[in-house]
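These notes concern the structure reproduced below.
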Amino acid sequence: MNEAMSNHPLDILDSMRNGAVVRQRLQWMENRLWWVGELNRSDLVLRFGISAPQATNDFALYQKLASANIRYDTKKKLYVCGEEFAPLFPKDYELWLKDSAAEDPRLKSIQMVGVTSLKRGIDPELVRIISRAARSRIPLRIIYQSMKATDPEERIVSPHAIVETEVRWHVRAWDEKRQTFLDLVPSRIIKATPEPSATWVPQERDEEWNRMVEIILIPSCKLSENQRRIAEGDYQMTEGRRILQVRACMAYYQLSAMYLVDAVRYHEGQPEERDFGIAVENWKELQPLVMDMN
């Protein structure tokens, strides 16, 4: 590619041999400058196992592409983030923290730890069966143990999606007996086999899956003005609101992840016991989507 014809500084990499590999190193360099604030050639050599001359070339190339982003500090004898920094690459703090946690100890800056999830599992063999059923559009005959029934029962279902929430997986499927789409907990499926004689009901018929709704988040009414500003920043609100687009059948799970189900059900969108600083502005229109869920 002709450098003069490029619309973006990174376009020059497309014409380079091993351009994708160089791009990876430059992105790491930029992230290091942005999140940590400093960088030197030995960091690049350590991270990617390249030679010192290659590291020098990478620094020269990055300075050519984004000279305002990097400057050499003669006192520290290393490169630091420029005051007029304008990123070439998108910035994702969650991704960077996870990547940083796996770095060589000599490159780590801040630790990131998490809590252990007790999410209910899903049998890999069941995933294979469901995936093949969805691809071939052949319903499954399953034995399902509902927590509302004493004994297992047989069902014929047409699964079209596997959904991950914070606490569990579930299978979105058409239930022939109930004549509706519903959510099945995989760990309660005792047995599943193809049922070619049954009629497949496609995802296109799942109105609650295909219909998108908005969850409009606002600061909780209990907050002071200063606390409201903090909440707006925490939840990346614009003009005091944050709008989430979700599938209608997923609204309950999204609200549950934010501890806002009871707020919508019983308290006009305002949190009661677990107030994390957010409330639901359009609680009334969301109420029908959570009242019948357990």
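Residue indices begin at 1 and follow the sequence shown.
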Neighbour count above 12 (heavy atom, 6.0 Å) for K91 NZ:
yes
Side-chain heavy atoms of I190 within contact of Y144, under 4.5 Å:
no
Are more than 12 heavy atoms from other residues, nucleotides or ligands located less than 6.0 Å from atom CZ of R274?
no
N282 and E285 have their tightest heavy-atom pair at O-CG, 3.2 Å
Shortest non-hydrogen pair, L223 vs A231, comes out as CD1-CB, 3.8 Å
Indicate yes or no: does R172 engage D183 in a salt bridge with an N to O separation below 4.0 Å.
yes
Would R155 and E153 pass as an ion pair if we require N to O under 4.0 Å?
yes
Can the ring centres of W28 and F48 be said to be less than 6.0 Å apart?
yes
List in chain and number order the residues that pass side chain to side chain contact (heavy atoms under 4.5 Å, CB included) with S197, two or more places apart in sequence or in another chain; answer none if no residue qualifies.
E195
Are there over 12 heavy-atom neighbours, none belonging to K108, within less than 6.0 Å of that residue's NZ?
yes
Gap separating the CG atom of N69 from the CZ atom of R71, nearest 0.5 angstrom
12.5 Å
Can you tell me which residue among V171, I189, L140, L182 is in a side chain to side chain contact (heavy atoms under 4.5 Å, CB included) with V157?
L140
Which atom of P202 lies closest to which atom of R137, heavy atoms considered
CB-NH2, 3.5 Å
Once the angle between the rings of W35 and W96 is folded into 0 to 90°, is it parallel (under 30°), tilted (30 to 60°) or perpendicular (over 60°)?
parallel
Tell me whether Q179 contacts the main-chain N or O of E176 through its side chain, where contact means a donor paired with an acceptor under 3.5 Å.
yes
For residues H170 and Y253, determine if any side-chain heavy atom of one lies less than 4.5 Å from a side-chain heavy atom of the other.
yes
Within 6.0 Å of CD in E166, more than 12 heavy atoms from elsewhere:
no
Going by atom type alone, with no hydrogens or angles, which donor-acceptor pairs under 3.5 Å involve a side-chain atom of residues 72-87 and a protein atom two or more places apart or on another chain?
unit_1 : atom_1 : unit_2 : atom_2 : d
D73    : OD1    : K75    : N      : 2.9
D73    : OD1    : K76    : N      : 3.0
Y79    : OH     : R41    : NH2    : 3.1

Kindly say whether L88 contributes a backbone atom to a donor-acceptor pair with the side chain of E30 at under 3.5 angstrom?
yes
Distance-only check: which donor-acceptor pairs under 3.5 Å involve side-chain atoms of residues 208-220, not counting sequence neighbours?
unit_1 : atom_1 : unit_2 : atom_2 : d
E208   : OE1    : R211   : NH2    : 3.1
E208   : OE2    : R211   : NE     : 3.4
E208   : OE2    : R211   : NH2    : 3.1
N210   : ND2    : Q203   : O      : 3.1
N210   : ND2    : E204   : O      : 3.3
N210   : ND2    : D206   : O      : 2.9
E214   : OE2    : Q245   : NE2    : 3.2
S220   : OG     : K222   : N      : 3.3
S220   : OG     : D275   : OD2    : 3.0

Between R265 and V290, is there a donor-acceptor pair closer than 3.5 Å when you use the side chain of the first and the backbone of the second?
yes
Would I278 end up clustered with L244 when hydrophobic side chains under 4.5 Å apart are linked, directly or stepwise?
yes
Presence of salt bridge, R242 and E232, under 4.0 angstrom:
no
Spacing of CD belonging to Q54 relative to CZ belonging to F59, to within rounding of 0.5 Å
12.0 Å
Rounding to 0.5 Å, atoms CE (M112) and OH (Y93) come to a distance of 11.0 Å
Is there a side-chain contact between I156 and I142 (heavy atoms, below 4.5 Å)?
no
Looking at V201 and S158, what are the two nearest heavy atoms and their distance?
N-OG, 3.2 Å
Exceeds 12 heavy-atom contacts within 6.0 angstrom, atom CD1 of I110:
no
Please find the pair of heavy atoms, one from V45 and one from I50, that lie closest to each other, and give the distance.
CG1-O, 3.2 Å
Any chance you could measure Q24, atom CD, to L26, atom CG, to the nearest 0.5 Å?
10.0 Å
Considering only heavy atoms from C-beta outward, does the side chain of L260 approach that of W283 to under 4.5 Å?
no
Write down the atom of I138, the atom of P194, and the distance for their closest heavy-atom approach.
CG2-CB, 4.2 Å
Whether N40 side chain and D43 backbone form a donor-acceptor pair below 3.5 Å
yes
Donor-acceptor pair, distance only, cut-off 3.5 Å: does the side chain of E103 make one with the backbone of S100?
no
Quick one: are R120 and R188 in side-chain contact, heavy atoms under 4.5 Å?
yes
Is a side-chain donor or acceptor of W169 paired with a backbone partner of I122 at a separation under 3.5 angstrom?
no
